Amino acid sequence: MTELASPPVEREQDVKRISHWIGGRIVEGESGRSGPVYNPARGIQTGAVDFATAEEVERAVQTAKQAFPAWRALSLSKRTAIFFRIRELVDQRREEFGRILTAEHGKVLSDAMGEVARGLEVIEYCCGIPELLKGGFSEQASTGIDVYSIRQPLGVAAGITPFNFPAMVPMWMWAPALACGNTFVLKPSEKDPSASLYAAQLLQEAGVPDGVFNVVHGDKVAVDAVLQHPDIAAVSFVGSTPIARYVYEQGTSTGKRVQALGGAKNHMIVLPDADMDMAADAAVSAAYGSAGERCMAISQVVAVGDAGDRLVAAIKQRLPKIKVGDGLEPDVEMGPLVTREHRDKVAAYIDGARDQGADVVADGRESTPDGDGFFLGVSLLDKVTPEMDAYKDEIFGPVLGVTRVGTYNDAVQLVNENPYGNGTAIFTRDGGVARQFQFDVQVGMVGINVPIPVPVAYYSFGGWKNSLFGDTHIYGPEGINFYTRGKVVTSRWPDPATSKVDLGFPQTR
Ligand code: NAD
C-alpha cells in the first residue's frame, strides 16, 4: 500500500470547479470555501467543490419556493409526461452517468451503471404518479354527504445524501418528491458531487421548469442551514448513524418531517444445510462489491454449527479471482475506496482484529495493486467475536468477518442484539426455518438466499433501530406518503329538490 502524505493534485488548470445549481443554471459559490474531489483510482485531486453559506442555501430555498405554485398546479398528465422524458434520458445516458460516478467514487463502471439502473426503477415507479396519488371516496357517508381524501405536496423538500450512491440515493428522494408536486433542494455528498449536477442538467433537458430542482454543495454549514430553514417542509437524509440522528433531531425540532436513514452492520446467517457454493458466491459479491461501501453490504457472516469450515474455505478459494483496479478497466471487479483516509481507516481494522484474537485468513494489504490509487485488496477475518471492534463498527470497506455460533437461535440473537437493523440474509434449504427467521428477526430488509435484499421500487426501503430515524421508509408507497399531506373533504350539496334546474323527473326521493 502506498503511503503518501496527501494526494497529489492534477495540474492546477485541470482541477475542475464544481458549483451550485440554482434556478436552472450553474451558480458559483461565494463563500471562498471548497472541498477537494478525487479520482480515487488515480489518487489525484480532480475537482474542488464549492461549499455553500447559509445565504446561498437561502437563495436556493427561495428559488424552489417561488417555483412551487406553478409546479404544483401543473396537471398530473403534464407532470407524468415530464417523468417519462426523464426516464428516457436517464436510460439513454446511463453510461455517461456511470462514468461520472466511477471517476469520483471509484466503483467499477458496470456497478456504477447498475446504480443508475436501480435509481431509474424509482423514476419509472414515479411515472405512475396519477395512480399513486389517487385518494379514496365514500359516497353518502351520511345522508347527502360525501367524504373523500386527497394528497397534496408539502412545498420545498430537501435531500442530504451520502457518497456511496451519488446518483441512486438522490433519485430515491427527488423522483417521488417532484412527482408529488414538491420542489427540491439537494445537498449531495461533497466527496462525489458531479453526479448531482449531471442529474440537474438531465432534468432541465426533460422539461422540469427552472427552480424546481436545485443543488447546493457543502458541509455542515449547508446542512445546518437546511435543517433550520423555516421554508423547508421535509428533509430526507441518508448517511451515517451519528449524522442521521443529528439531522432527525434538529430537523424535527424545527417542525419538519424527517426521514433519516443511517448506517448498517448487515449479518448473513448461513445454516449447515445451505448450498455452500451459493452462499460463498453471495458472501463474496455482497461483501466486496463496490469495495464494501454499500449500506446493504454483507459485512458479517454468521456460520451456524459445522457450516464455518466449509464456508470459510469456499470464500477463501474465491478471493484470488477478485481483480482490484481502476473501475474503468473492463475486467476489474473492485475499485478503490473513496479517499485515502477512509482506505487507511479500513485497513487498520485488519491489525485490530488480529490483535483482538481473530484469524486473518486474507489480508487485503497483500493484494493491493500498485499505484497512487486508494486501493485495498479484499480481507477475510475468521473467528470474529462480538466484543471485537471489527464486529462492533461499520467498517464500510472490503473486510468480511465470520462469526461462528452453535445454533440458529444464537445467530438470531446476535442479529437482534445489534444496534443496527438495516439488512440481513439467511442461507438455508429449509423453508420452514427461513419463514421463522423472517418472523423473528428485528431488521427492516430480509433476504432469503438473497444477500442484498434491496426492495424493488414498488416497495419501500428502510432499516430498523439505528439504521432509520423517523417512521417512514424511503421511495415506494411510503415515499409518496412522506412527500404528501393528506386532506379529507366532507361535502354536502343542496338537495336537488330545491334546484332551479329542470331535472326532467319528479324531484322527490
Ligand atoms: P456521512 O454521514 O458522513 O455523510 C452524509 C451526508 O451528511 C453528506 O451529505 C455530508 O456532507 C453530511 N455530513 C457529514 N458530516 C456532517 C456533519 N457533521 N453535520 C452535518 N452534515 C454532515 O455519510 P457518508 O460517509 O457520506 O456515507 C456512508 C454512510 O452512509 C454509511 O454509514 C452508510 O451505511 C450510510 N448509508 C446508509 C444507507 C441507508 O439506506 N441506510 C444508504 C447509503 C449509505
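It should be emphasised that the depicted structure is a prediction, and the values quoted were computed from it without experimental measurement.
The main-chain N or O of Arg429 is never found under 3.5 Å from a side-chain atom of Asp275 such that the two would form a donor-acceptor pair. Listed for the Asn416 side chain is a donor-acceptor partner under 3.5 Å among the backbone atoms of Gln442. Judged purely by atom type and a 3.5 angstrom limit, Asn422 uses its side chain to pair as donor or acceptor with the backbone of Cys295. Of the possible donor and acceptor atoms, one in the side chain of Ser253 sits under 3.5 Å from a partner among the backbone N and O of Gln250. Asn266 contributes a side-chain N or O that, together with a main-chain N or O of Ala297, makes up a donor-acceptor pair within less than 3.5 Å. Side chain of Arg318 to main chain of Ala314: a donor-acceptor pair is present (N/O by atom type, distance under 3.5 Å, no hydrogens or angles). In this structure a side-chain-to-backbone donor-acceptor pair under 3.5 Å is missing from Asp382 to Val312. At distances below 3.5 Å, not a single donor-acceptor pair connects side-chain atoms of Thr102 with backbone N or O atoms of Gly327. The backbone N or O of Gly263 sits nowhere less than 3.5 Å from a side-chain atom of Ser240 that would complete a donor-acceptor pair. Proximity of a side-chain donor or acceptor of Arg257 to a complementary backbone N or O of Ala234 within less than 3.5 Å is not detected.
Judged purely by distance below 3.5 Å, without hydrogens or angles, the side chains of Lys256 and Tyr248 never pair a donor atom with an acceptor atom. Neither side chain, Tyr408 nor Asp430, offers a donor N or O lying under 3.5 Å from an acceptor on the other. Between the side chains of Gln356 and Asp389, at least one donor N or O sits under 3.5 Å from an acceptor N or O. Side-chain contact of Gln228 with Thr254: a donor-acceptor pair under 3.5 Å is absent, judged by distance alone. Judged purely by distance below 3.5 Å, without hydrogens or angles, the side chains of Ser299 and Glu394 never pair a donor atom with an acceptor atom.
Between Val360 and Asp351 the shortest side-chain heavy-atom distance does not fall below 4.5 Å. Residues Phe427 and Met268 meet the side-chain proximity criterion, which asks for heavy atoms closer than 4.5 Å. Side chains of Thr484 and Leu154 form no contact here, defined as non-hydrogen atoms less than 4.5 Å apart. Looking at His267 and Val301, their side chains never come closer than 4.5 Å, going by heavy atoms from C-beta outward. Counting heavy atoms from C-beta outward, Leu381 and Leu400 have side chains that stay 4.5 Å or more apart. The shortest distance between side-chain heavy atoms of Arg310 and Pro272 falls below 4.5 Å. Looking at heavy atoms from C-beta onward, Val324 lies out of side-chain contact with Thr368 at the 4.5 angstrom threshold. With contacts defined as side-chain heavy-atom distances shorter than 4.5 Å, the pair His473/Phe461 does not qualify.
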Verdict with reasoning, Leu337 to Phe375, per side-chain contact (heavy atoms from CB on, under 4.5 Å): CA-CA 6 Å; Leu337 283 98; Phe375 293 112; over 6 Å; no
Val258/Phe237 under side-chain contact (heavy atoms from CB on, under 4.5 Å): CA gap, chis, key distance, verdict: CA-CA 8 Å; Val258 180; Phe237 172 89; 5.5 Å; no
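Using a 4.0 Å cut-off between charged side-chain N and carboxylate O, Asp111 and Arg294 make a salt bridge. Lys107 has a carboxylate O that lies under 4.0 Å from a charged side-chain N of Glu115, or vice versa, which qualifies the two as a salt bridge.
Taking each heavy atom of Pro153 and Arg485 in turn, the nearest pair found is O-NH2, 4.0 Å. Closest of all the heavy-atom pairs between Met296 and Ile452 is CB-CG2, 3.6 Å. Leu311 approaches Ala280 most closely through the heavy-atom pair CD1-N, 4.1 Å. Between Ala279 and Val270 the shortest heavy-atom distance is CB-CG1, 4.1 Å. Nearest heavy atom pair, residue Ser236 against residue Gln259, reads OG-OE1, 2.8 Å. Residues Lys465 and Asn418 share a closest heavy-atom pair of NZ-O, 2.8 Å.
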Can you give the donor-acceptor pairs under 3.5 Å from side chains of residues 155-180 to other protein atoms, not counting sequence neighbours?
from, atom 1, to, atom 2, distance (Å)
Asn164, ND2, Glu293, O, 3.2

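Rounding to the nearest 0.5 Å places NZ of Lys220 at 13.5 Å from CZ of Phe51. Distance CG/Asp363 to OG/Ser379: 5.5 Å, rounded to 0.5 Å.
A 6.0 Å sphere centred on CZ of Arg435 holds no more than 12 heavy atoms belonging to other residues, nucleotides or ligands. For OH of Tyr458, the number of neighbouring non-hydrogen atoms (other residues, nucleotides, ligands) closer than 6.0 Å is 12 at most. Within a 6.0 Å radius of CG in Asp331, other residues, nucleotides and ligands contribute more than 12 heavy atoms.
If you look at Tyr38 and His105, their ring centroids are not closer than 6.0 Å. Ring centers of Phe97 and Tyr198: under 6.0 Å apart, within the cut-off.
Residues forming a side chain to side chain contact (heavy atoms under 4.5 Å, CB included) with Asn466 (at least two apart in sequence, or on another chain): Thr241, Arg245, Pro419, Tyr420, Phe469.
Between Phe184 and Phe213, the angle of the ring planes stays under 30°, which puts this pair in the parallel group of the 30/60° scheme.
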